[in-house]
Structures are given as structure tokens and as C-alpha cells.
Asks: 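Before we start, here is the structure in question, set down as C-alpha cells.
None of the values given here were measured: they were computed from a predicted structure. For ligands, and for the atoms within them, numbers begin at 1 and follow the listed sequence.
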Amino acid sequence: MTALVHTRAELAAELDKAPGEIAVVMTMGALHEGHRQLMRVARKRSAFVVVTIFVNPLQFGPNEDFEKYPRTLDDDLEACRAEGVTVVFAPSRDDVYPGGAPSITMNPGPLGEILEGASRPGHFSGMLTVVQKLLMLTRADVAYFGEKDYQQLALIRRMAGDLELGVEITGVPTVREKDGLALSSRNRYLSPDQRLAALALSRALREGAAQSDPEVVLAAAGKILEEEPGVRVDYLALTGSDLGPAPESGDARLLVAARVGSTRLIDNVPLTLRKDA
Ligand code: AMP
């Protein structure tokens with residue numbers, strides 16, 4: 001049985017019944033297989049899994065898609081039931097921010113200023129603030145986040161460590177469509193033609209990751225993106241796994257952000273660099 005609760009008091013009553021560890025998956029709803037994979041990984045380890053569904057106004061910029069972000073609670077609840085989730089917490093804005101927007105918020109530090117942080121001012125501060133609140137409200141022992149939002153995952157890990165939050169943060173690899181497109185709630189904004197153009201992102205990352213010389217990696221990925229007129233690249237970046245400078249040899253990450261029509265999409269893959277490859 002999956003319980004649906006909306007208020008923090010109702011949530012607390014459900015959490016009081018937890019027999020042991022509490023696992024949490026945070027989402028903005030419009031659930032897809034990527035979210036469901038997080039639930040499955042959580043459920044495998046923990047008997048008590050909480051899914052939060054909250055479109056957090058604090059992490060959207062003034063010209064972003066907060067108003068039009070898809071809201072599909074009935075379908076989301078079905079998905080959570082099918083995955084054996086214990087509690088779905090779908091709070092209102094007032095339940096999360098009873099006094100209005102908080103005056104004390106998280107500062108993401110230097111890692112929050114690059115890549116997505118450079119393109120979306122305030123986004124990571126808003127994201128970390130709500131993650132911290134939801135970790136507290138759900139009494140999370142372990143929380144699962146997708147590698148699809150790689151910088152988000154890195155920042156949440158950092159926050160948990162730097163501020164001794166006492167919660168375990170676990171990353172889950174990106175779930176893709178058969179043709180490579182990373183699953184995203186925003187994919188539903190794409191027309192069929194735009195969806196075809198959007199495939200250039202995963203194709204570029206795949207081609208780049210097949211190379212091992214840093215310059216060749218970027219050139220291979222960049223060429224595919226340039227050849228797709230429907231894609232306007234925001235950034236294509238090769239970094240270390242920690243999002244610092246790419247190493248000469250070893251584990252690295254290739255990340256892309258681009259606009260297809262008015263939809264902003266992000267994706268990333270792991271790769272291994274080799275000196276003198
Ligand atoms: P969102 O609802 O977009 O805020 O995402 C909620 C959680 O699901 C985040 O931890 C995301 O990184 C994760 N997620 C979203 N899309 C995917 C995907 N395609 N594969 C794996 N995790 C994902």
C-alpha cells in the first residue's frame with residue numbers, strides 16, 4: 001500500500017511507522033522510467049521508500065518553465081504504487097515554505113558557478129535549499145539522485161559532506177530511450193522533429209566518449225552538434241569526474257547543455273582519457 005500525503009504533519013505520521021532505514025527519492029513529478037529506476041534501486045535496499053513530488057519554485061529562473069512544467073499527479077501515483085513505494089509526499093508550496101520564500105538559503109560555492117550554474121543563476125541555491133529541507137522533513141537515511149543531473153548530484157554530495165548532514169547520497173546511472181535520448185520530464189515539450197534533433201546530444205556524447213584524447217573527444221562531439229541545425233549548444237565540456245579540470249589520463253565526464261526550440265536539455269556520460277592515445 002502506497003500512502004499519499006500532502007502536509008508535513010501527515011508525512012510525519014507515516015514516517016513514525018518506519019521500521020528502520022528511510023530511503024528517499026526526490027522528484028518534480030511527471031515521472032518516467034528514469035525516476036522509476038531510482039525507486040527500484042531504493043526499494044532493493046530499503047523496505048521504506050519515500051518519493052517526494054514538488055515543483056520547487058525556488059530553483060526556476062524568472063524566464064524558465066515553472067508555470068508550464070508538467071504536473072501529472074494521478075499517473076505519478078500509479079508509477080509509485082507499481083514500484084512498491086511506501087509514501088508519496090506531494091506538498092503544496094505553503095507546506096514546504098510556510099513563511100514564504102526562506103531568507104536563509106544554501107550557497108553552492110564555486111562548484112555551483114560553472115556549467116549549469118553559469119547558465120541558470122540561482123538555480124543551484126534553490127535546488128540545494130529544497131533538498132536540504134526535504135532531507136529533514138523526510139528524515140532520510142539514504143537519498144537517491146540521477147547522474148542525468150550530474151552537477152546537481154555532485155553538489156548534493158558536497159553539501160551532505162561539507163555540512164555533516166548524516167545522510168548517504170547515492171547516484172544512479174542515466175536511463176535512456178533505445179535510441180539514446182536521456183529520459184527527461186522536459187522531453188514531452190519536444191515536437192517529433194525536435195525530438196529527432198535532440199538525439200544529436202546523446203550521439204555527440206557517445207561519439208566523444210569513444211575517443212580518449214581530450215582534443216579529439218571535444219572535436220568529435222562538437223562536430224555532431226554543429227551538424228544539427230535544430231540544436232543550439234549552451235556548453236560542451238570535458239571535465240574530471242569531480243567536475244574539476246579533465247585529467248590527462250583517467251576517469252572523466254563529458255557534459256552538454258543545449259536548446260532545441262525553446263526546450264533546454266542536458267546530458268552527460270562517463271569516459272576514460274588516455275595520454276598519448
Ligand atoms: P526531476 O524530477 O527532473 O527533478 O528528477 C528527479 C530525480 O530523477 C533526479 O535525481 C534526477 O537526476 C533523476 N532523473 C531524471 N531523469 C533521469 C534519467 N533519465 N535517468 C536517471 N535518473 C534521472
Asks: What protein heavy atom sits nearest atom 20 (N) of ligand 1, and how far off is it?
Replies: Val175 N, 2.9 Å
Asks: Considering the options Arg36, Lys44, Arg43, which one meets the salt bridge (Lys or Arg N to Asp or Glu O under 4.0 Å) requirement together with Glu83?
Replies: Arg36
Asks: Return yes when Pro173 approaches ligand 1 closer than 4.0 angstrom through a heavy atom, no otherwise.
Replies: yes
Asks: Using heavy-atom distances, let me know which of Arg176, Gln152, Lys148, Glu147 sits nearest atom 9 (C) of ligand 1.
Replies: Gln152
Asks: Backbone or side chain, does any N or O of Gly29 fall under 3.5 Å from an N or O of ligand 1?
Replies: no
Asks: With respect to atom 5 (O) of ligand 1, which of His35, Glu177, Met28, His32 exhibits the smallest heavy-atom separation?
Replies: His35
Asks: Less than 4.0 Å is my threshold; does some heavy atom of Glu33 fall inside it relative to ligand 1?
Replies: no
Asks: Answer yes or no on whether Lys133 is positioned over the face of Phe54, meaning its NZ or CZ is under 6.0 Å from the six-membered ring centre and within 45° of the axis.
Replies: no
Asks: What are the two closest heavy atoms between Asn107 and Gly109, and how far apart are they?
Replies: OD1-N, 2.9 Å
Asks: Relative to Phe66, does Arg71 satisfy both conditions: NZ or CZ under 6.0 angstrom from the six-membered ring centre, and within 45 degrees of the ring's axis?
Replies: yes
Asks: Examine the proximity of ligand 1 to Val25 and report which part, side chain or backbone, both or neither, has a heavy atom under 4.0 Å away.
Replies: neither
Asks: Under the salt bridge (Lys or Arg N to Asp or Glu O under 4.0 Å) test against Asp234, which residue among Arg264, Arg120, Arg259 passes?
Replies: Arg264
Asks: Cut-off 3.5 Å, side chains only: do Asn56 and Tyr69 have a donor facing an acceptor?
Replies: no
